[in-house]
Amino acid sequence: MDVVVIGAGVGGLAVARSLLAAGHQVRIYEQAAALRTGGAGLSIFSNGAAVLHDLGVTLDGVGGRFDRIDALTADGRLRLTSDMAHAAALYGFPNKSVSRRLLLERLADGLPGDLIRYGTACRTVTQVGDRVTATFEDGSTATGDLLIGADGHHSVVRRELWGDDPIRTATFGTWQALSRIDIDLARTHLHLMITGREGACGIIPAGDGKLQWWFDVRWAPGEPRPAAPLAELRRRFGHWASPVPELLAQASEADLDFFGHHWQKVRREWGKGRVTLLGDAAHLMPPTLGQGANQTLEDVWVLGRELAKGGDPAQRLRAYERARYPHVNLVSRLARRSPANWRIPPFVGRMVSETSQSGLLARFSNRLTAALAHEAPAGG
């Protein structure tokens with residue numbers, strides 16, 4: 001089939017790899033002038049890493065592996081620990097922190113040079129019979145057998161399908177960075193998640209002496225941002241236990257970027273006819289579980305499997321949406337409740353199994369569920 005993809009982020013590039021490998025023709029239209037390489041780090045858990053493996057994308061030599069997640073109190077006491085090495089051994093794929101730029105470069109590697117039409121912003125989507133047409137801001141059009149909206153948070157394709165479906169705001173916003181910080185944690189495989197009355201802090205080794213780190217703070221739209229955010233973070237979190245003060249002492253204002261947390265209710269059906277959605281366009285959620293990119297990759301994996309079955313393409317798109325719904329809806333509901341920011345008492349945390357994350361990842365994942373059922377091999 002001839003497939004039109006709107007958006008050249010993680011989802012757009014990944015679905016292009018999948019569909020091209022299956023013999024389809026693919027064209028990607030991206031409103032930005034070039035490949036977007038901004039953003040800090042992404043957490044790629046075993047489920048996302050498994051899909052990348054299936055797409056022929058390796059994370060060897062990039063990022064930082066994390067084998068354990070320790071949740072701490074602000075004064076350094078252990079709330080609970082998660083054995084991520086267990087999940088890696090069970091599923092065959094490690095959990096890593098990788099820069100968004102490097103992930104996009106790996107996804108783009110080997111794709112046709114003329115695959116992406118940059119500077120082409122989609123404005124409308126129409127369907128007539130078995131053809132779908134996207135009209136762009138410059139008046140040009142693209143028509144194909146299928147159209148996939150992988151155009152993110154402010155998806156035009158979603159708006160064309162469902163109107164102005166409201167985007168809701170969560171109660172937290174994140175100051176994030178990916179930077180070289182010379183502390184002992186950068187040379188480990190330990191992911192820290194620290195919570196207190198002032199908010200939350202996450203720190204993950206990201207390879208090459210870098211850390212992926214962030215601070216979650218209470219936030220509401222329209223609130224003025226501090227003129228000197230690093231000074232505000234030092235004031236708010238500088239008294240926390242090590243390694244938070246050491247990290248903040250070495251941090252640079254230029255490294256920081258802010259985004260508020262938003263979400264939309266996950267629909268049972270995301271598309272209509274020969275149009276569907278993928279990634280944030282289908283299931284925008286807060287980043288508190290680190291599953292955003294992973295759920296996008298899960299979409300790609302299921303969509304590829306459904307289209308490979310043949311038959312009526314519209315029916316295959318609805319089957320894809322139905323297969324994804326229970327998994328991604330669970331992730332969305334948990335992420336909306338901000339579990340990463342819960343202040344679980346240490347005595348309660350000691351009752352939680354250190355390997356519970358392994359089972360939770362399977363509940364989040366079509367790909368790992370299929371592997372456990374021997375429908376697809378785990379490897380890596």
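Results of the side chain to side chain donor-acceptor pair (under 3.5 Å) test with Q264 over H283, R158, R336 single out R158 as the only residue that passes. Looking at L78, T73, L72, L80 one by one, the single match for side chain to side chain contact (heavy atoms under 4.5 Å, CB included) with P346 turns out to be T73. Shown are D299, V300, L307; of these, the side chain to side chain contact (heavy atoms under 4.5 Å, CB included) with L303 is made only by L307. Test T133, T126, T135 against T143 for side chain to side chain donor-acceptor pair (under 3.5 Å) and you get one pass: T133.
Ring geometry for W175 versus F258: interplanar angle of 30 to 60°, hence tilted.
You'll find the side chain of T188 stays beyond 4.5 Å of the side chain of R68, heavy atoms only. Within the 4.5 Å cutoff, the side chain of H24 has no heavy atoms near those of the L146 side chain. Side-chain contact between L161 and W270: absent, with no pair of heavy atoms (C-beta onward) separated by less than 4.5 Å. Here the side chains of Q31 and H154 are not in contact, with every heavy-atom distance at 4.5 Å or above. Side-chain contact between L35 and R101: absent, with no pair of heavy atoms (C-beta onward) separated by less than 4.5 Å. Taking 4.5 Å as the limit, some side-chain heavy atom of T171 sits within range of a side-chain heavy atom of R218. In this structure, P243 and L192 have side chains that are in contact, with non-hydrogen atoms separated by less than 4.5 Å. Taking the side chain as every heavy atom from C-beta outward, H86 and Q357 never approach each other to under 4.5 Å.
Side-chain atoms of R79 and T195 include a donor-acceptor pair closer than 3.5 Å. No side-chain N or O of S18 forms a donor-acceptor pair with one of W301 less than 3.5 Å apart. Of the N and O atoms on the side chains of R324 and Q295, at least one donor lies less than 3.5 Å from an acceptor on the other residue.
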(message) The test is side-chain contact (heavy atoms from CB on, under 4.5 Å); show your working for V26 and L111 and say whether it passes.
(response) CA-CA 11 Å; V26 181; L111 294 178; over 6 Å; no

(message) As a quick check of understanding, evaluate side-chain contact (heavy atoms from CB on, under 4.5 Å) for Q212 and S43, giving each step before the final call.
(response) CA-CA 9 Å; Q212 175 189 350; S43 297; 4.0 Å; yes

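Look at R131 and D145 and you find a salt bridge, because one of the NZ, NE, NH1 or NH2 atoms lies within 4.0 Å of a carboxylate O, short of that distance. A salt bridge links R36 to E30: at least one charged side-chain nitrogen sits closer than 4.0 Å to a carboxylate oxygen. Here E298 does not pair with R367 in a salt bridge; the nearest charged N to carboxylate O distance is not below 4.0 Å. A salt bridge links D182 with R187: at least one charged nitrogen is closer than 4.0 Å to a carboxylate oxygen.
Between atom CG of residue L330 and atom OG of residue S365 there is a gap of 11.5 Å, rounded to the nearest 0.5 Å. Taken to the nearest 0.5 Å, the OG1 atom of T296 stands 5.5 Å off from the CG atom of D280.
For F45 and F66, the distance between ring centers is under 6.0 angstrom.
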